[in-house]
Each structure stands twice: as C-alpha cells, then as structure tokens.
Amino acid sequence: MKFTLEKKDTASSARAGTIKTDHGEIKTPIFMPVGTVGSVKAVHIPHLSSDVQAQIILGNTYHLYLRPGLDIIKQAGGIQKFNGWNRPMLTDSGGYQVYSLSGTRKLKEEGVTFQSHIDGSRHEFTPERVMDIERTIGADIMMAFDECTPYPCDYEYAKNSLDLTHRWLDRCITRFEETECPYGYEQSLFPIVQGSTYRDLRIKSAEYIAQKGADGNAIGGLSVGEPHEMMYEMAELCCGILPSDKARYLMGVGTPANILESIALGIDMFDCVMPTRNGRNGMIFTSEGIINIKNNKWKDDFSPIDPNGPSFVDSFYTRAYLRHLFAAGEILGPMIASLHNLAFYLWLVGEARNKILDGTFSSWKDQMVKKVATRL
RNA sequence: GGGGAGAUACCAGAGCGGUCAAAUGGGGCAGACUGUAAAUCUGUUGGCGAAGCCUUCGGAGGUUCGAAUCCUCCUCUCCCCA
C-alpha cells in the first residue's frame, strides 16, 4: 500500500490523504468498522459499502484463526473472497487479546499461549506464527504482534513490555519479509507504538518504530481506561515523531469527539467497536449528540432517528419505533442502530476530510466536538 | 346445593411467629461499554433519608413481648362433585 499526503491543515496537525491498496483506495482520515470474525456485527456486507460508505474494515487474527480456521479461509481464497467484501481490509494481530483475554493466556518471550474462549484449547501465538496467519487471512494491512498494556500500568512493566513488543516487531518484520501473500496481491505490515502513558517510553517506542520505514504506523495501548487528556497527550507526542509521509493509525479509538480531537493531532486512521457494540446496546451517535434510545423519553418521539443523518434508516425510522424495537428485544433494533452509527462515523470523518481540504477544519472541529459529546 | 384450594410489591411467585420492606423470575427505570470472550454486563424498582424512621402481604377484629405467617368473621377468586 501507499499513503499519499494530500493536504495539511494550517491551524492544526490534521491531514487529508489517500491510501492505495490492491483492493482499492482509502480516503483519509478514515474510520474502519470492526469486523472481528469477518463480519461487522448486525450489518450486511453490501450495506457497509452502500449505506455506511465504509472503505476498509477490520478482521481479527485470533478470532479468525480459531474460527473458521485457516484451511477454510485459504480455500475461500482469502478473507475478502470469503465474506464478499472485495475492498481493503486490515487484520489486528491478537495483540489486543493479550490485553482483553489476560485472564486466560500466558505471556512469554517466545510468544503468547491463548486458551480459546470457544472451547478452552490452547494455541501458541508467536510473532512468526501471527505473520503466517495474517498472510493466510489475506488482509491488505497486517498488524504486528504486540502486547497492549492495561491502564494503569506501572513503569517497570510498561518498559519491559515495550522492549518485548519491539523484539517481537523485529521478528514480525523478518518473517513478513521472508513470506508473501498467498493470493498474489500486496500486503503491508504496520508496527505499533506502545509505552503506556509514559512520555519517555512513548518517545523511545515511536523513534524505534519510525526508523522501520513501514507504510503506516500505529499507536496502540491507548483508550484502555486512561483519561482522555492523557490519551491525547500520548497521541500528540507520537505524531510528532512518526513520519508525516506515512499513515498514522490510532488503534481502538473511539468516541466521535475522540476521533475529531485525534484527527487534529495528525491521526489518519481509526477503528473502534463503539458504533457497533454500543449501538447494539441502544446508544445512537448523531451530529446533535448522543441518544440512549432505550430511555423512556423517546417513547413518543415520532421524529426521525437523525434528521440530518446520512443513512436511509435515519429518516425511514422514528425514534419511538427504534425504542420500541429495543424494548421488544427485536433484532432489527441493533441492526438499525449499528447501520446508523457506522454511517454517522463515516460521515464524520468524511466531513473532517472535506473541512481539511477546504481549510476550515479547526473551527468546525471545535464546534462539532461539543455537539457530538452532548447527551440528548 | 356439597366438598376443597387460595387471596403477598407492576406481573408471576416463594415465604408459613421474630434474622421480612418481604427470595426468585419477568416487566419497568437508569447506567456502563473505546485494536469485540458482549444482541453483553451492572444498579435500582413502598416513602423520606447518613445511620434510621414511617406506612405495607384481600378487608375488619383478635391472640402474642412480637404476625405476611396463628384464630374469628367478611369479601372475592379458582377447582371438583351434584
């Protein structure tokens, strides 16, 4: 893949760019819907491109390896052939599962042994193994295997973990360079900056990652419970060190406000389960603020879900009806909410891009951050 | 007409002399969720409040230091036999 910087904002560090992959182009800044098991939960694949306007989606190495397994994905001809999304994809490496499944895994120098959340069987993930799996899954962008540290995290642990992540990165790069995509198109490898919330560790990590010359660089280990200001501070610090001619990806972020603030710091790519998971749980993000559609106050609100929303569901369904669907436990509720939230997220980053291109990003961003964080 | 069972908080339904403002479900109300072990999880659901106090278990009386729990009558439901 190739990242091209198109325009840099003057009043902030925001940028607009284009990522070219063999599965198509991605206009940045971009939000990437999370499709852990090869499916963005509750959303049809064709709707991701038509209604949501998604340009790239995620898959997860750990989950796809466990189910359906590499044989099936290989037989299908890669993940995009398997799920029908013939556009760019990115696979997370399982590094987040080192964090989220910390109770059922063992971490060593060599790698991590996970105990499957599905059947309890044990599986060893080494950096080399993860590269092989990600090659087989076939996403355009592969993430390096890292340890996502928790918050809070004491300095010693963060420092040692960081060094381990760097050693793993070198092993990932070696294996990555020894192998190739089994399906004939190009795959890229993104390294990941760690260092918890410590400035010196983040600097050390960003400098280490920067000199690897990867097509894009990720910042991980944030949005794991630390205060927002701390997250922004770390992101800003990393953006100042990571090369400006390469894509920057802030992993796992975040709320609409988080995304806008991070775009202003120079981030190009985002992913987060929030629009889908929170959507399934009744949280609706709109340009006017956040709605908990399960709340009693919406029971007789027959106005559109989001009068200015970009998706057909926004004006087709009313708030009262959507609340009814949630109250009744109807599957259609989470489907509508997921579609709406994703379309809103993609609209938001698309607008951010437009504002960067026409030079009005900063003032628009300040105004928008307030609105999207409002509780309606 | 005869015999039997029962009436408990929004609903269903435990409790059968004190540790009961009353289990458990459901429903209601609210909250959480940030590289997805999540269509999940948590709190709350008589009234005010910090402890605590006040009014509750069909209705009216009674027994007892103490009753949702025991007794009497009343009202109402359901079942069986004629």
Determine the Euclidean distance between corresponding [atom1] atoms of [M] and [N]; express it in Å to zero decimal places.
{"N": "B:rA7", "M": "B:rA68", "atom1": "P", "result": "15 Å"}
{"N": "B:rG47", "M": "B:rA9", "atom1": "P", "result": "15 Å"}
{"N": "B:rU77", "M": "B:rA30", "atom1": "C1'", "result": "37 Å"}
{"N": "B:rC48", "M": "B:rU34", "atom1": "C1'", "result": "40 Å"}
{"N": "B:rG62", "M": "B:rU56", "atom1": "P", "result": "15 Å"}
{"N": "B:rG25", "M": "B:rG61", "atom1": "P", "result": "37 Å"}
{"N": "B:rU36", "M": "B:rA14", "atom1": "P", "result": "46 Å"}
{"N": "B:rG59", "M": "B:rU69", "atom1": "P", "result": "11 Å"}

From C-beta outward on [X], which listed nucleotide comes closest to its side chain: [options]?
{"X": "A:N295", "options": "B:rA37, B:rG31, B:rA39", "answer": "B:rG31"}
{"X": "A:K294", "options": "B:rG35, B:rA32, B:rU36", "answer": "B:rA32"}
{"X": "A:R375", "options": "B:rA32, B:rA39, B:rG31", "answer": "B:rA32"}
{"X": "A:H117", "options": "B:rA37, B:rG35, B:rA30", "answer": "B:rA37"}

Suppose we define a pair by two distances each less than 3.5 Å, Watson-Crick or G-U wobble; what does [N] pair with here?
{"N": "B:rC78", "value": "B:rG4"}
{"N": "B:rU24", "value": "B:rA12"}
{"N": "B:rG46", "value": "B:rC54"}
{"N": "B:rC73", "value": "B:rG59"}
{"N": "B:rC41", "value": "B:rG31"}
{"N": "B:rG17", "value": "none"}

Under 4.0 Å, heavy atoms only, any strand: does [X] hit a base, just the sugar-phosphate, or nothing?
{"X": "A:D146", "value": "base"}
{"X": "A:G35", "value": "nothing"}
{"X": "A:S116", "value": "nothing"}
{"X": "A:Q194", "value": "base"}

Atom [atom1] of [X] and atom [atom2] of [N]: how far apart are they, to the nearest Å?
{"X": "A:N281", "N": "B:rA38", "atom1": "CG", "atom2": "P", "result": "12 Å"}
{"X": "A:Y99", "N": "B:rC33", "atom1": "OH", "atom2": "P", "result": "11 Å"}
{"X": "A:I57", "N": "B:rG35", "atom1": "CD1", "atom2": "P", "result": "15 Å"}
{"X": "A:D271", "N": "B:rC33", "atom1": "CG", "atom2": "P", "result": "17 Å"}
{"X": "A:M283", "N": "B:rA32", "atom1": "CE", "atom2": "P", "result": "6 Å"}
{"X": "A:I290", "N": "B:rA30", "atom1": "CD1", "atom2": "P", "result": "16 Å"}
{"X": "A:M143", "N": "B:rU36", "atom1": "CE", "atom2": "P", "result": "11 Å"}
{"X": "A:L90", "N": "B:rG35", "atom1": "CG", "atom2": "C1'", "result": "9 Å"}

Looking just at side-chain N and O atoms, do [X] and [Y] make a donor-acceptor pair shorter than 3.5 Å?
{"X": "A:D140", "Y": "A:Q187", "answer": "no"}
{"X": "A:Y62", "Y": "A:H117", "answer": "yes"}
{"X": "A:E147", "Y": "A:S161", "answer": "yes"}
{"X": "A:T165", "Y": "A:D146", "answer": "no"}

Can you check whether [X] has a side-chain N or O nearer than 4.0 Å to OP1 or OP2 of [N]?
{"X": "A:R277", "N": "B:rU34", "value": "yes"}
{"X": "A:T36", "N": "B:rU36", "value": "yes"}
{"X": "A:N292", "N": "B:rA30", "value": "no"}
{"X": "A:Q97", "N": "B:rG35", "value": "no"}

Kindly list each side-chain donor-acceptor pair under 3.5 angstrom involving residues 31-51 of chain A, sequence neighbours excluded, with atom names and distances?
{"residue": "A:S49", "atom": "OG", "partner": "A:P46", "partner atom": "O", "Å": "3.0"}
{"residue": "A:S50", "atom": "OG", "partner": "A:P46", "partner atom": "O", "Å": "3.0"}

Straight-line distance of A:M1 CE to A:E186 CD, nearest 0.5 Å | 8.0 Å
To the nearest 0.5 Å, what is the distance between OH (A:Y155) and OH (A:Y198)?
-> 9.0 Å
Closest heavy-atom contact between A:S93 and A:V130?
->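 A:S93 and A:V130 have their closest heavy atoms at O-CG1, 3.7 Å.
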When only distance counts, do a donor and an acceptor, one from the side chain of A:N296 and one from the base of B:rG28, lie under 3.5 Å apart?
-> no
Kindly say whether, by distance alone, the side chain of A:S100 makes a donor-acceptor pair under 3.5 Å with the base of B:rU36?
-> no
